Protein chains: 2
Amino acid sequence: MPLPQTEQPGRLQAELMSRGVRMTRQRRTILSVVETAQQHLDASQLLRKARRIDPEIDRVTVYRTLKLLKRHGLVDELDLMHLQGEKHFYERRPQRDHLHMACLRCGKILEFESNLFDRLKGQIQRECQFHILVTRMEIGGYCSQCRATGPA
Amino acid sequence: MPLPQTEQPGRLQAELMSRGVRMTRQRRTILSVVETAQQHLDASQLLRKARRIDPEIDRVTVYRTLKLLKRHGLVDELDLMHLQGEKHFYERRPQRDHLHMACLRCGKILEFESNLFDRLKGQIQRECQFHILVTRMEIGGYCSQCRATGPA
DNA sequence: GCATAATTGATACTCGGTTGCAACTAGCAT
DNA sequence: ATGCTAGTTGCAACCGAGTATCAATTATGC
Ligand SMILES: [Mn+2]
Ligand SMILES: [Mn+2]
Ligand SMILES: [Zn+2]
Ligand SMILES: [Zn+2]
């Protein structure tokens with residue numbers, strides 16, 4: 001399983017340590033899974049991947065670590081339109097925010113960055129005097145392929 | 001409890017009936033609650049309000065009616081940043097979409113309409129060839145008041 | 001009115017996530 | 001290095017939002 005070139009492994013760990021958070025074996029494992037994930041993972045997928053590295057990890061620790069990462073603004077939480085039940089999905093927060101499109105027919109998840117999105121956030125900060133910490137935009141509908149074949 | 005002037009009561013009911021959905025006593029009750037709600041309600045708040053009108057209504061029926069309304073695109077579902085647990089909140093879908101800001105300190109929910117928001121959706125439909133059915137934008141942060149007092 | 005397909009309500013269940021607590025350990029002081 | 005202590009872990013029990021099942025009820029078209 002090759003690491004993605006786009007992200008330094010250990011970045012999350014370094015970030016947390018610089019903020020005085022204790023680094024345990026379990027946390028290191030979970031952070032590495034979050035960091036090298038290629039898609040949006042839910043807590044149980046995360047646990048499974050973490051257990052491949054350290055079979056002793058408990059699911060509670062996964063939940064606790066996710067909460068920690070959320071609190072520090074290092075991961076974002078998504079519903080992905082509840083395409084698969086009530087679970088939540090997680091992804092490392094990227095440099096630039098993006099929005100998510102979920103195809104209600106084929107289940108595909110698409111991501112999109114946009115200047116309009118960035119400008120919208122700017123407008124909110126200015127006009128509403130609201131200090132933005134987290135952004136979450138999700139769209140449900142039909143992707144280009146599924147819409148061609150008809151929204152049956 | 002006076003009805004709000006902004007919305008015709010019975011609108012949801014009429015909409016569903018025009019689509020051939022059977023209208024039961026329970027559904028009428030729940031629809032009226034959704035329609036006259038002044039804030040975003042979760043399923044259990046909805047049940048409580050519905051039971052004030054018809055004490056026999058079961059929570060299962062509330063969930064089923066919400067699913068029906070979602071399927072027909074007549075209500076939107078929100079997380080409101082999970083400020084109060086894992087529950088979901090519901091609101092009648094408005095003419096024009098708006099986004100939600102949740103203050104992580106005082107819990108206030110603010111709504112905002114924006115041309116940039118509308119244009120962003122247009123951009124997505126065009127550039128991604130994605131047929132939008134549902135939009136959900138939620139922002140977490142500090143409202144003007146809380147940010148003035150410091151984000152403690 | 002009657003037939004029938006859809007809906008309801010009671011109950012049991014699933015499952016994502018949390019809590020309480022004793023055992024363990026990271027990180028710091030000596 | 002050793003010991004101390006506050007923070008963390010794993011387990012087990014728990015919680016609560018939402019769903020499945022199914023017999024009893026009811027909306028709607030004829
Ligand atoms: Mn959710
Ligand atoms: Mn993403
Ligand atoms: Zn699709
Ligand atoms: Zn506030």
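Every chain is numbered from 1, with letters handed out A, B, ... down the list of sequences. As the structure is a prediction and not an experimental result, all values here were calculated from the model.
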Query raised in the report: Which residue lies toward the 5' end of DNA chain D, A:D54 or B:K70, if each is placed at its nearest nucleotide?
Result: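 Checking each residue's closest nucleotide, the 5'-ward one belongs to A:D54.
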For the side chain of [X], starting at C-beta, report the closest nucleotide among [options].
X	options	result
B:V60	C:dT8, C:dT11, C:dT19	C:dT11
B:T24	C:dG9, D:dA27, C:dT19	D:dA27
A:T61	D:dT9, C:dT25, C:dG9	D:dT9
A:E86	C:dT7, C:dT19, D:dG18	D:dG18
A:Y63	D:dC11, C:dT18, D:dG18	C:dT18
A:R22	C:dA26, D:dT19, D:dG10	C:dA26
A:Y90	D:dT8, C:dG17, D:dG18	C:dG17

Query raised in the report: Is the base of C:dG17 touched by the side chain of A:R64 through a donor-acceptor pair closer than 3.5 angstrom?
Result: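 In this structure, the two groups form no donor-acceptor pair.
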Could you give the [atom1]-to-[atom2] distance, from [X] to [N], as a whole number of Å?
X	N	atom1	atom2	value
A:Q26	C:dT25	CD	C1'	9 Å
A:R71	D:dT8	CZ	P	8 Å
B:K87	C:dC15	NZ	P	23 Å
B:L69	C:dT7	CG	P	13 Å
A:K67	D:dT9	NZ	C1'	15 Å
A:D58	C:dA22	CG	C1'	15 Å
B:L78	D:dA17	CG	P	17 Å
B:E56	D:dT26	CD	C1'	15 Å

Query raised in the report: Any cation-pi pair here, A:K121 with A:F117, using under 6.0 Å and within 45°?
Result: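 Positive - A:K121 is close enough to the ring of A:F117 and near enough to its axis.
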Query raised in the report: When you check the side-chain N and O atoms of A:Q45 and A:H40, is any donor under 3.5 Å from an acceptor?
Result: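 No, because no side-chain N or O of A:Q45 sits under 3.5 Å from a partner of the opposite role on A:H40.
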**Report entry** B:L16, B:V21, B:T61, B:L12 screened by side-chain contact (heavy atoms from CB on, under 4.5 Å) with B:R27, the one that passes
**Finding:**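 The side-chain contact (heavy atoms from CB on, under 4.5 Å) with B:R27 is passed solely by B:V21 among B:L16, B:V21, B:T61, B:L12.
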Query raised in the report: Of B:I57 and B:H82, whose nearest nucleotide on DNA chain C comes first from the 5' end?
Result: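 Here B:I57 is the residue nearer the 5' end.
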Query raised in the report: Which part of the nucleic acid, if any, lies within reach of A:R59 when heavy atoms closer than 4.0 Å are counted: base, sugar-phosphate only, or nothing?
Result: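 The answer is base, as A:R59 lies within the cut-off (heavy atoms under 4.0 Å) of a base atom.
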Requested in this report: Could you give me the CA-CA distance, side-chain angles and deciding distance for A:R136 and A:D79, then say whether salt bridge (Lys or Arg N to Asp or Glu O under 4.0 Å) is met?
Outcome: CA-CA 9 Å; A:R136 179 164 154 190; A:D79 265 13; 3.0 Å; yes
Query raised in the report: At under 4.0 Å, does any side-chain N or O of A:H88 touch on OP1 or OP2 of C:dG16?
Result: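 Indeed not, no polar side-chain atom of A:H88 lies that close.
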Query raised in the report: Is a side-chain N or O of A:E138 found less than 3.5 angstrom from the main chain of A:L80, in a donor-acceptor match?
Result: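 Flag set: sc A:E138 to bb A:L80 pair under 3.5 Å.
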